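Values in this document were obtained by computation on a predicted structure and should not be read as measured data. All heavy atoms count here, side chains included; hydrogens, waters and symmetry mates do not. Order of appearance sets the numbers: ligands from 1, and atoms from 1 within every ligand. One is the number of the first residue; the rest follow in order along the sequence.
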Amino acid sequence: MATYIVLMGMQGAGKGTQAAILSKRLGLPHVTTGGLFRAMEGQDSELAREIQAIMKRGELVPDHITIEVVRQRLAKPDAAQGAIFDGFPRTLPQAQALDALLAELDGQVSLVPLLTLDRKEAIARISARWECTLDPTHVYNLRTNPPKVPGICDIDGAPLRQRPDDTPEAAAKRIDTFFEKTAPLLDYYRQRGVVHEVDASQSIEAVSAALFKLIEANQSA
Ligand code: AMP
């Protein structure tokens, strides 16, 4: 049975960092819609330009586009055994669409870890965040997880950059959107008993250890 895990939590809670760790350890792809959209940067199409403009404003990309991007990602062979979702779903229609997509694959969301963090700490983390220009799943934080060589990705040696939507204004807007549009999703998943809170103010290692414990308990349940 394939394993589908949805990491939830406000921006800056460490979903990307933890999804990358889980992905490596479980051998499942890290499906990040934000990363997939950022990979479209520079593409010469109306859609790609519109998406970059939406992201820069800290708004959500329309559901139908987001769902289609995920549908295409899940169709790739590496997702046959499951996936770790980071930043998706973010709205109720997206969660319902994900259920429908997974039902076609005879699967379902089995675990929704919620990484909890206060807003002030989240904004501080976002301002210190840098990502790899080659692979947006390689994420660093100048305070808590700096690269070995400043400005260079440890994994592939590519230059790092700050995300255009990590300005304090766009970050604050994204966190507001999280409370308005994404937090209500938790009730949807809570009704199924799959949501488990993890204190994201802990170290990266302590958060991953808590996540692995949850996953083990979930697999043996
Ligand atoms: P993230 O990397 O998850 O912070 O996402 C960066 C930006 O990509 C968001 O602020 C949105 O503009 C867009 N985005 C990412 N995931 C989604 C999603 N599931 N639904 C709508 N927009 C998204």
Practice problem: Please determine if D165 and R163 form a salt bridge, counting it only when a charged side-chain N lies under 4.0 Å from a carboxylate O. | Solution: yes
Self-check item: For L101, all residues meeting side-chain contact (heavy atoms from CB on, under 4.5 Å), sequence neighbours excluded
Solution: V70, R71, L74
Quiz item: Under a single-linkage definition using a 4.5 Å side-chain heavy-atom cutoff for Ile, Leu, Val, Met, Phe, Trp and Tyr, are V207 and L111 assigned to the same hydrophobic cluster?
Solution: yes
Quiz item: Name the residues in contact with ligand 1, where contact means a heavy atom under 4.0 Å away: which are they?
Solution: T33, G34, F37, R38, M55, E59, L60, V61, T66, G87, F88, R90, Q94, R163, D165, R174
Exercise. Using the salt bridge (charged side-chain N to carboxylate O under 4.0 Å, His left out) rule, collect all pairs that involve residues 83-109, keeping only residues at least two apart or in two chains.
Key: D99-R192
Practice problem: Using a strict cut-off of less than 4.0 Å between a Lys/Arg side-chain nitrogen and an Asp/Glu carboxylate oxygen, indicate whether E169 and K173 qualify as a salt bridge. | Solution: no
Please tabulate, for the side chains in residues 208-218, all donor-acceptor contacts under 3.5 angstrom to protein atoms that are two or more places apart in sequence or on a different chain.
unit_1 : atom_1 : unit_2 : atom_2 : d
S208   : OG     : Q18    : OE1    : 3.1
S208   : OG     : I204   : O      : 2.8
N218   : ND2    : S110   : O      : 3.2

